[in-house]
Amino acid sequence: MGILAPSILAADFTDLAQQIKMVEIGGADWIHCDVMDGHFVPNISFGPLVVKAIRRATKLPIDVHLMIQDPDKHLEDFINAGADHILVHIEEVVHLNRTINRIKELGAKAGAVINPATPVKSVTDIIEYIDLLLIMTVNPGFGGQLFIPNSIRRIEEAVKLRSGSGNSKLLIEIDGGINVSTAKKSFEAGADVFVAGSSIFGADNISAATMEIKKVISQ
Ligand code: DX5
Ligand code: ZN
């Protein structure tokens with residue numbers, strides 16, 4: 001059974017609580033928050049204040065994807081705001097083992113994120129310490145992009161790496177360009193967590209769109 005994490009980046013921010021209700025009705029498992037700083041990625045989104053507001057709107061786990069420079073500085077703020085999971089990019093963090101330990105000490109689950117051009121094997125020596133491995137299936141920074149096809153091979157590679165690591169509880173998460181068709185292919189390749197923004201919040205019926213993706217990852 002796959003886990004579905006709608007990304008609120010594509011939601012209507014004037015009506016966030018209601019938009020979250022609609023994905024909950026559709027069977028969403030987590031809420032994914034994309035934090036962007038205009039430096040690590042070209043776009044700027046939102047910070048802990050919005051995560052705090054989302055915390056009041058839902059009981060679902062909040063998955064915070066930090067696309068920011070120097071994420072170490074902000075871990076506490078996001079966890080205090082209500083984040084259950086913190087995901088950091090390995091391309092940005094110099095002392096990754098230390099950062100992962102810090103996230104756990106602060107009481108959250110810890111994830112490592114890799115960009116599309118970062119080899120999957122780069123996480124070999126951190127895999128036993130993380131709860132989540134997020135494989136970007138688009139270049140981070142914007143919603144509404146197309147799924148990069150070699151992501152399927154990368155998911156399969158991550159599944160193999162997990163088997164050899166002894167960390168069988170590790171969840172393999174994917175993010176970017178996820179719709180019914182790419183979710184189905186990625187689920188078959190072995191992905192566990194599916195982040196979807198525009199295919200859910202861009203739909204006329206948000207609950208129905210959530211349900212449709214949920215269905216293809218529940219077989
Ligand atoms: C991309 C973000 C994604 C994004 C996904 O930088 O990390 O979470 O919101 O959006 P879609 O589903 O529209 O590709
Ligand atoms: Zn994301």
Side-chain angles (χ1 to χ4, degrees), residues 2-13 16 19-20 22-23 26 28-48 50-51 54 60-69 71 74 78 83-93 108-118 130-149 151-152 154-155 171-187 191-204 206 209-210 212-214 216-217:
I3 293 168
L4 181 56
S7 161
I8 56 132
L9 190 63
D12 175 357
F13 275 67
L16 216 40
Q19 301 254 303
I20 289 171
M22 287 193 269
V23 296
D29 300 287
W30 300 351
I31 300 296
H32 184 84
C33 294
D34 287 304
V35 179
M36 305 177 181
D37 67 348
H39 293 280
F40 178 70
V41 289
N43 203 2
I44 299 178
S45 61
F46 54 81
V50 170
V51 173
I54 293 168
L60 294 180
I62 299 178
D63 196 47
V64 174
H65 176 189
L66 296 180
M67 287 165 273
I68 60 175
Q69 280 182 356
H74 305 279
F78 283 100
D84 297 282
H85 313 155
I86 298 280
L87 299 117
V88 296
H89 273 262
I90 77 164
E91 300 85 4
E92 175 62 23
V93 176
K109 287 203 169 13
V113 192
I114 52 173
N115 278 332
T118 301
I130 54 179
D131 302 296
L132 302 152
L133 170 61
L134 173 52
I135 300 174
M136 289 307 298
T137 44
V138 297
N139 289 296
F142 302 94
Q145 304 179 82
L146 288 180
F147 182 92
I148 298 172
S151 304
I152 297 295
R154 288 163 56 77
I155 295 165
L171 294 174
I172 298 169
E173 180 168 356
I174 54 168
D175 184 3
I178 304 302
N179 51 35
V180 168
S181 146
T182 53
K184 189 170 193 302
K185 285 184 206 144
S186 310
F187 181 65
D192 304 297
V193 184
F194 302 77
V195 176
S198 30
S199 65
I200 288 181
F201 290 106
D204 290 335
I206 291 174
T210 308
E212 273 175 43
I213 300 182
K214 191 72 201 195
V216 299
I217 61 169

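Note that ligands are numbered from 1 as they come in the structure, with each ligand's atoms numbered from 1 the same way. Residues: numbered from 1 along the sequence shown. Excluded from the calculations below are hydrogen atoms, water molecules and symmetry mates; all remaining heavy atoms, backbone and side chain alike, are included.
- Put simply, the side chain of Arg154 never gets that close to the backbone of Met136: no donor and acceptor are under 3.5 Å apart.
- In this structure, Ala196 has a heavy atom closer than 4.0 Å to ligand 1.
- Under a 4.0 Å criterion applied to the non-hydrogen atoms of Pro140, ligand 1 contributes the atoms 6 (O).
- Under 3.5 Å, the side chains of Asp34 and His32 contain a donor-acceptor pair of N or O atoms.
- Geometry at the Zn ion (ligand 2): OD2/Asp175 and NE2/His32 form an angle of 100°, nearest 10 degrees.
- In terms of protein heavy-atom proximity, atom 3 (C) of ligand 1 is closest to Asp175 OD1, 2.8 Å.
- Between the Zn ion (ligand 2) and the N, O or S atoms of His65, the shortest distance is to ND1.
- When you scan the N, O or S atoms of Asp34 for the one nearest the Zn ion (ligand 2), you land on OD1.
- Taking only nitrogen or oxygen atoms, main chain and side chain alike, Met136 does not reach within less than 3.5 Å of ligand 1.
- For the atom pair Ile20 CD1 and Ile62 CD1, the distance stands at 7.5 Å (nearest 0.5 Å).
- Between Ser199 and ligand 1 there is no heavy-atom distance shorter than 4.0 Å.
- Looking only at heavy atoms of the protein, atom 14 (O) of ligand 1 is closest to Gly177 N, 2.8 Å.
- The protein atom (non-hydrogen) at minimum distance from atom 12 (O) of ligand 1 is Gly197 N, 2.7 Å.
- Residue, atom and distance of the protein heavy atom nearest to atom 13 (O) of ligand 1 are Ser198 OG, 2.4 Å.
- Scanning the protein heavy atoms around atom 1 (C) of ligand 1, the nearest turns out to be Phe142 O, 3.6 Å.
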